[in-house]
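See below for the structure under consideration.
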Amino acid sequence: MEKSSSKSSFWSKIIGLQLYNSYEEDSTGRAPSLSIVRVLYSILLFGAYLVGFYKAVELTFLTDFGAKSPSIFKYAYMTQVYSGVLGTVVCYATLWRTDRMKVVYFEGIQCSNMKINDRYYQFRNMEVPAKHSMLIPFSIGMLLILSFCEAYAQHTHGYYFTIITIVYPLWMFQVTILEFTTLVKSTECILTKLNWMMDAFLESLQRQTTPSVTLKGEKKPLNKIYPVNRRPYVQEHELISGERLTYMFVIHENVAKLAEFINGAYSVQIIAIVTVTFVNTLFGFFIETKLLFWNYQMIDLILRACRYAFECIPACLLIYCMLVVCASTNNEMFKSASLLHKLLQYKSNYFIDDQALFERSKAIALQLLHRKRFPLFDGSGLFRLDFTFIFSVFSAATSYLIVLLQFDLSKDLDKYIIRS
């Protein structure tokens, strides 16, 4: 995940969403500090975007826009531009706070990983394979194509500032979602590693209590799959101890707090991005549906509506990828509770001399189960970042789309047909 993190950090610098030069210490051991150059660059980039927004409104929406196309497209572009600038202002307003919290998060994750490697040296070489989703390069490629289409369409009308106003928020939203997903993925990797270690505890206890005896005529299981760089056998006297199990509970709790910490850092941006994406996508499909039902021979208008409707699809794909990673992290978080319950079954031969450790393990397992009702990742409590979010969005989109389709656009489209 370090490579993905460096890539997202690089694009954050390009877009202007990062104020710190690096998350690593320099050669003198000095911690990363705030760079004046980065601050000025971000301010200048945001100022240029606001100038583009002002010029786009002045040149595009204050002229006779309805003479070239139905007025519904004027309202569509107004919605896209104004919602985009609102989301951009929200992301820049929370940039300072988010960047500072992000640095603290990285330090916490690296510290937790170092503690695991130092205390549990048997698992030092264990690597969690990071599965890269094909949705990420596909969404970025799709956004690149749509950006060129939008730039060409606005270039033919001479609206050069409108290109900046429309395209820049789309890329900024893309980078923000990708960065948040990368950070959540690093949390999932740490939790997965802890669960593998606890699973090794259970395997060791099972070998102590119930030695495997191969029945007559039964073959030994040779196809058992183990994680990367993990050996199926770890000596029991080096693995099992109450002190090491307690230390694992401490690391697990710290990682859970870091997950809540990074959720709080990005919750405002996620709310703004999801809202803007939802509104623009819904309005775009509303126009496309109206044109297809009214007159499917308006090829030029249908293509314009498609371009407008599909400009937010790359962000929707990345949001889905973000939901997958958040749901997987939640599952790894609460998988520890089931593993801990299995571990408590060995009270007679493991916890019999340490009643305090048994009670603490039981309390931690109950605490994890109680926390299952409250998701690790949510938009400041407005919605859950898991697969239930998809159902909520589709139900809301269906309701609003039915309401929008009741508006009659026949007069507006008839005027366009007469002019053309």
Side-chain angles (χ1 to χ4, degrees), residues 1-9 11-12 102 105 109 127-143 170-171 173-196 225 227-228 255-256 258-278 281 310 312-338 368 371-397:
M1 291 308 299
E2 293 181 358
K3 294 182 179 179
S4 335
S5 175
S6 61
K7 290 179 181 179
S8 60
S9 176
W11 287 109
S12 297
K102 190 166 54 178
Y105 172 83
I109 286 294
E127 296 179 1
V128 180
K131 298 179 181 179
H132 299 284
S133 175
M134 293 300 297
L135 288 178
I136 295 178
F138 178 75
S139 62
I140 294 176
M142 185 177 179
L143 181 58
L170 298 177
W171 282 99
F173 295 164
Q174 197 90 347
V175 170
T176 304
I177 298 173
L178 183 59
E179 192 170 61
F180 176 71
T181 305
T182 303
L183 297 177
V184 176
K185 188 66 178 179
S186 62
T187 307
E188 180 193 358
C189 290
I190 295 290
L191 292 174
T192 303
K193 194 170 184 178
L194 290 173
N195 287 336
W196 284 355
I225 299 176
V228 178
V255 173
L258 286 172
E260 295 176 353
F261 188 76
I262 200 62
N263 173 67
Y266 279 88
S267 58
V268 178
Q269 290 95 319
I270 295 300
I271 292 174
I273 293 171
V274 167
T275 304
V276 171
T277 304
F278 176 79
T281 306
F310 282 94
C312 290
I313 296 300
C316 294
L317 295 177
L318 272 191
I319 289 174
Y320 174 76
C321 183
M322 176 186 68
L323 295 177
V324 171
V325 174
C326 290
S328 179
T329 306
N330 272 316
N331 292 335
E332 290 294 334
M333 176 71 182
F334 301 114
K335 183 181 178 181
S336 303
S338 61
L368 289 175
R371 289 180 63 177
K372 193 172 183 179
R373 296 180 299 173
F374 307 98
L376 284 176
F377 306 101
D378 57 0
S380 295
L382 295 179
F383 44 77
R384 297 167 60 104
L385 291 179
D386 53 17
F387 293 115
T388 60
F389 178 80
I390 300 176
F391 175 77
S392 302
V393 168
F394 272 98
S395 60

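Values reported hereafter were calculated over all heavy atoms of this structure, with side chains retained and with hydrogens, waters and symmetry mates removed.
With hydrogens and angles disregarded, a donor-acceptor distance shorter than 3.5 Å links the side chain of Thr329 to the backbone of Val325. For the pair Asn330 (side chain) and Cys326 (backbone), a donor-acceptor distance under 3.5 Å is present. The backbone N or O of Val274 sits nowhere less than 3.5 Å from a side-chain atom of Thr277 that would complete a donor-acceptor pair.
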Original post:
After noting the C-alpha distance and the side-chain angles of Leu318 and Leu135, does the key distance pass the side chain to side chain contact (heavy atoms under 4.5 Å, CB included) rule?
Top reply: CA-CA 7 Å; Leu318 272 191; Leu135 288 178; 5.9 Å; no
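Here the closest non-hydrogen pair linking Thr281 and Cys316 is OG1-SG, 4.0 Å. Across all their heavy atoms, Arg384 and Phe389 have their closest contact at O-CB, 3.2 Å. A pairwise comparison of heavy atoms in Pro314 and Ser139 identifies CB-O, 3.4 Å as the closest pair. Taking both residues in full, the closest heavy atoms of Thr181 and Met322 are given as OG1-CB, 3.4 Å, listed atom of the first, atom of the second, then distance.
Here the straight-line distance linking atom CD1 of Ile313 with atom CG of Leu170 works out to 11.5 Å at 0.5 Å rounding. Here CZ of Phe310 is found 6.0 Å from CE of Met142. Values are rounded to the nearest 0.5 Å. The line from CE of Met333 to CG of Asn331 is 12.0 Å long, rounded to the nearest 0.5 Å. For the atom pair CG (Leu183) and CG (Leu178), the distance works out to 9.5 Å, reported to the nearest 0.5 Å.
Looking at residues two or more places apart in sequence or on another chain, you find a side-chain contact (heavy atoms from CB on, under 4.5 Å) between Val255 and Ser112, Thr187, Ile190, Leu191, Ile251.
For the side-chain contact (heavy atoms from CB on, under 4.5 Å) with Gln174, the lone residue among Leu317, Ile273, Ile140 that qualifies is Ile140. Residue Phe377 is tested with Ile262, Leu323, Asp386, Ile270 for a side-chain contact (heavy atoms from CB on, under 4.5 Å); the sole match is Ile262.
Residues Thr388 and Phe383 form no side-chain contact, since every pair of their non-hydrogen atoms from C-beta on lies 4.5 Å or further apart.
The neighbour count for Phe138 CZ, taken as heavy atoms of other residues, nucleotides or ligands under 6.0 Å away, does not exceed 12.
The six-membered or imidazole ring of Phe261 lies away from that of Tyr105, with a centre-to-centre distance of 6.0 Å or more.
Looking at Thr176 and Gln269, their side chains never bring a donor and an acceptor atom within 3.5 Å of each other.
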